[in-house]
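So the structure is just underneath, and the comments pick up after that.
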Amino acid sequence: MINTLPELLYHQSLCFPATTVQLTKDSTGTFQPTTYKELCEQMFDFAAGLLTIGTKRGENIGHIADNRQEWQVVSLGAMVIGCADIPRGSDVTLKELQYILSFTECRTVSVENPYVLGKLCECLDDIPSLENIILIDSQNKSLERFNLKGKKLFHYEDILKAGNQWREKNPDKIEKEVWKGNTEDTATIIFTSGTTGTPKGVMLSHRNFLCQLEGIASRLGFTRGQRALCILPVWHVYERELEYYILFFAGTMCYSKPVSSILLSDFQKVRPQFMPCVPRVWESLYQSISKKIKSQSAVSWLLFQILAGASSASLSLKNTIIGLNRYYRERGSIRHSLYKLLYIPYGLLVPLRFLGNKLFFTKIRTVLGGRFVCGVSGGGGCPPKLDKFFNAVGIQVVEGYGMTETAPIVSVRNRFAPVLGTIGKPMNYNETKILKADGNPAKPGEKGILYVRGLNVMKGYYKRPDLTKEILSEDGWLNTGDIAVSTFNGELAIKGRSKDTIVLRSGENVEPFPIEAKLSESPYILQAVVCGQDENTLGAIIIPDIDELKQSAENAGEKFSTTQKLMDSEFAQEIITREIERLISSKNGFKNFERVSTFFMMEKFLHTEEEFSAKGGLIRYKVLNNYKNKITAMFNKETKKQKKIMPEKLQEMMPEKLQEVISEFLQNFQN
């Protein structure tokens, strides 16, 4: 039985010593391989090297670096001797860096390069526990300019060398250190900001990670030697757990970046079968595909849309026939028999799907290397449009769900029996329940807060038992804070975040995510952020597709000297208004109070480093805070517009609250 993560790598290195575990680019951009045996030896050398500088079992080791070959060496090497890593990316702020390292009382920290070392030097006075700094990549630059204030600086290669020499003098001793580890030992402490911005250290044990591996394997089913393109920050728990899964099936991690030009090039170079990623990556891929086809001709684009739509309809019909759709009540025998009649329209769509494959879909799959099997989308909800599109054109995407506190996977859609629009059934190592506001269990189709209990749930927040009690009950139930529904068959679907819920003045509760996901289906809208807390109606920040707006303006004979003038124009405003009214309608399942009545456009978000997490998820409270003046002005303008609906004399004769109610009614009537 494997009890710790280093044991997992050690075991695989004995079973598959020559199998490639990592492919990493060198300075020329060429992928260089590392075998399981080589990685294991590096892990042991680093662990022994830590012992040579006085590291003791149970210490916390800071680890500030982005994806690279050495990342797992440092992390697993620290775990070999019973230490926990405290990870963060190189984009860490000074405030975070100082807080995390001082709060966890790190004596040793590894930093990626001189850039990160420079940040560290700026806050050394505020980290009194720190003694040792390990620099992974010196980039052949002089380090004399750094004021280390008495701290010892070691080069990564020197630590490995010292560790190797120690092992030669103490044969098999470091290997024995591995067996001292306990499955309940803390493997890592990952700090997550939450909605307040105050970092909370999530303590995750080896068991939290290891308990998931067989369950993930049963849903994804990859085998030895298959490759995964790794583009997400590995210090995030989502990417990290899936890299442990890659170790589990003796696969290969191929490190790339979520930048379109780099990503598509690396798809061709390594031809992966698997990719963990976030919705923004799928959005980027979809936009790249769309723009390439649009550039061919208007006829090609129209034909592509028709064939992609037919393929999507074909997939939906097939899933309905075989019972892989969302059902919120039992599917009776009569209905089951009637569904078989759908074979007729399904058969009529097969030729269109075949034509789509011939003209477009095969080429799209070739862009992803030609061997791609499945992508796992997590770290945020995947818009239904993208979910349907990629699965329809033969690029399977399965959506997963979790959080740092659950290490992280609570559920992931089974790629062998996928129910689109869901995150699948809960994994076998945890159980879930959905409770309504009154505390009663929700029936299939009813919304409620999702609770999780299982082997993957965290030990607690580091040094914060008070915060732990707020989220984790005495009997082990973790309040995720996410709004979910279950199907009759037990699949889960996430509908929003309880802390993101918008409460209008009318008292109606609105979940912004479904509205934002629907708006992003517009060819003119890249991203939308819905707002309206304590307002009469909803509003939105719109990031438009400037190229689409420009093309429409040219077709209409409109000319604008700048992008800002285009966005401010009545022409662009009318297009976005029309798209909002088309998408957020009762026909698409939205209630009257969920309609968006006002918006403003921006070419892009201005503070992307703080407004998006490293895994690409939007940090809503920061976005709303950064643009609060614009949001306020937007709603003030809307209020004046609503008041103009009523005669001024009538407004003067009634209380303000009644004016608001009547204005809202008239506005809704107009919509």
Side-chain angles (χ1 to χ4, degrees), residues 212-223 226-232 237-246 248-249 251 258 267 272-286 311-312 315-316 318-319 322-326 361 364-365 368-369 371-403 406 408-430 432 456 482 484-487 489-495 517 615-617:
Q212 303 179 53
L213 300 179
E214 290 186 0
I216 298 171
S218 70
R219 300 282 175 99
L220 301 183
F222 290 97
T223 57
Q226 290 190 307
R227 295 178 172 183
L229 201 60
C230 298
I231 60 175
L232 301 178
V237 69
Y238 167 43
E239 172 70 23
R240 190 163 175 172
E241 175 61 22
L242 287 177
E243 289 198 11
Y244 295 146
Y245 167 60
I246 295 166
F248 180 73
F249 72 79
F267 262 117
Q273 286 87 8
F274 168 49
M275 180 176 69
C277 65
V278 292
R280 287 186 73 191
V281 174
W282 296 116
E283 288 172 8
S284 179
L285 284 173
Y286 175 77
S311 185
S312 179
L315 180 62
S316 181
K318 178 184 174 183
N319 287 342
I322 63 178
L324 288 180
N325 273 347
R326 291 172 292 177
F361 307 158
I364 292 172
R365 294 194 293 270
L368 300 189
R371 299 192 306 187
F372 195 73
V373 174
C374 180
V376 179
S377 182
C382 185
K385 173 186 175 182
L386 300 179
D387 198 4
K388 292 175 184 176
F389 170 79
F390 282 106
N391 282 285
V393 302
I395 298 172
Q396 189 175 35
V397 177
V398 297
E399 189 172 3
Y401 163 80
M403 54 196 301
T406 57
I409 301 176
V410 171
S411 183
V412 65
R413 195 187 301 163
N414 188 338
R415 81 173 178 92
F416 303 106
V419 178
L420 295 190
T422 76
I423 54 172
K425 296 178 181 179
M427 304 298 278
N428 59 1
Y429 47 77
N430 61 204
T432 63
N456 56 324
D482 287 316
V485 297
S486 66
T487 68
N489 293 322
E491 293 95 1
L492 300 174
I494 302 300
K495 295 298 183 180
K615 63 183 178 183

Tell me the closest heavy-atom pair linking P272 and L368, and the distance in Å. CD-O, 4.2 Å

Under a 4.5 Å cut-off applied to non-hydrogen side-chain atoms, are V419 and T487 in contact? no

Checking I216 against V412 for the side chain to side chain contact (heavy atoms under 4.5 Å, CB included) test, could you report, in this order, the C-alpha distance in whole Å, the side-chain angles of both residues, the deciding distance, and whether it holds? CA-CA 8 Å; I216 298 171; V412 65; 5.6 Å; no

E214 atom CD, over 12 foreign heavy atoms within 6.0 Å: no

Between P279 and G381, the two heavy atoms sitting closest are CG-O, 3.3 Å

Taking side chain as C-beta onward, heavy atoms only, is I246 less than 4.5 Å from C230? yes

On a heavy-atom basis, the closest approach of G379 and V278 is CA-CG1, 4.4 Å

Atom CH2 of W282 and atom OG of S377: how far apart are they, to the nearest 0.5 Å? 7.5 Å

Applying ring-ring contact (aromatic ring centres under 6.0 Å, His included) to Y429 and not counting sequence neighbours gives none

Student check: side-chain heavy atoms of L386 and L285 closer than 4.5 Å: no

Trace of the side chain to side chain contact (heavy atoms under 4.5 Å, CB included) decision for V373 with R415: CA-CA 10 Å; V373 174; R415 81 173 178 92; 3.4 Å; yes

Qualifying residues under side chain to side chain contact (heavy atoms under 4.5 Å, CB included), relative to N430, sequence neighbours excluded: V410, P426, M427, V452, N456

Nearest 0.5 Å, please: how far is CD in Q273 from CG in L220? 13.0 Å

Donor-acceptor pair, S411 side chain versus Y401 backbone, under 3.5 Å? no

Out of curiosity, F249 CZ to Q226 CD, how far, rounded to the nearest 0.5 Å? 6.5 Å

Evaluate the side-chain proximity of F361 to I395: yes if any heavy-atom separation is below 4.5 Å, no if none is. no

Can you check whether E241's main-chain N or O pairs, donor with acceptor, with Q212's side chain at less than 3.5 Å? no

Within a strict 4.5 Å, meaning less than it, do heavy atoms of the N391 and L315 side chains meet? yes

Could you list all the salt bridge (Lys or Arg N to Asp or Glu O under 4.0 Å) pairs where at least one residue sits in residues 373-399, not counting sequence neighbours? D387-R413, E399-R413

Interatomic spacing from CD in E243 to CG in L232 - rounded to 0.5 Å: 9.0 Å

Give, for atom CG of L420 and atom CG of L324, the distance between the pair rounded to the nearest 0.5 Å. 8.5 Å

Just verifying a value: how many Å separate C277 SG and E239 CD, rounded to the nearest 0.5 Å? 10.0 Å

Could you go through Y244 and F248, starting from their C-alpha distance and side-chain angles, then the distance that decides it, and tell me whether this counts as ring pair (Phe, Tyr, Trp, His ring centres under 6.0 Å)? CA-CA 6 Å; Y244 295 146; F248 180 73; over 10 Å; no

Step by step, would you call M275 with V281 a side chain to side chain contact (heavy atoms under 4.5 Å, CB included)? CA-CA 10 Å; M275 180 176 69; V281 174; 4.2 Å; yes

Do the side chains of R219 and V398 get nearer than 4.5 Å, heavy atoms only? no

With the side chain counted from C-beta on, respond yes when F372 and L229 share a heavy-atom pair under 4.5 Å apart, and no when they do not. no

Any side-chain heavy atom of F222 sitting closer than 4.5 Å to one from C374? yes

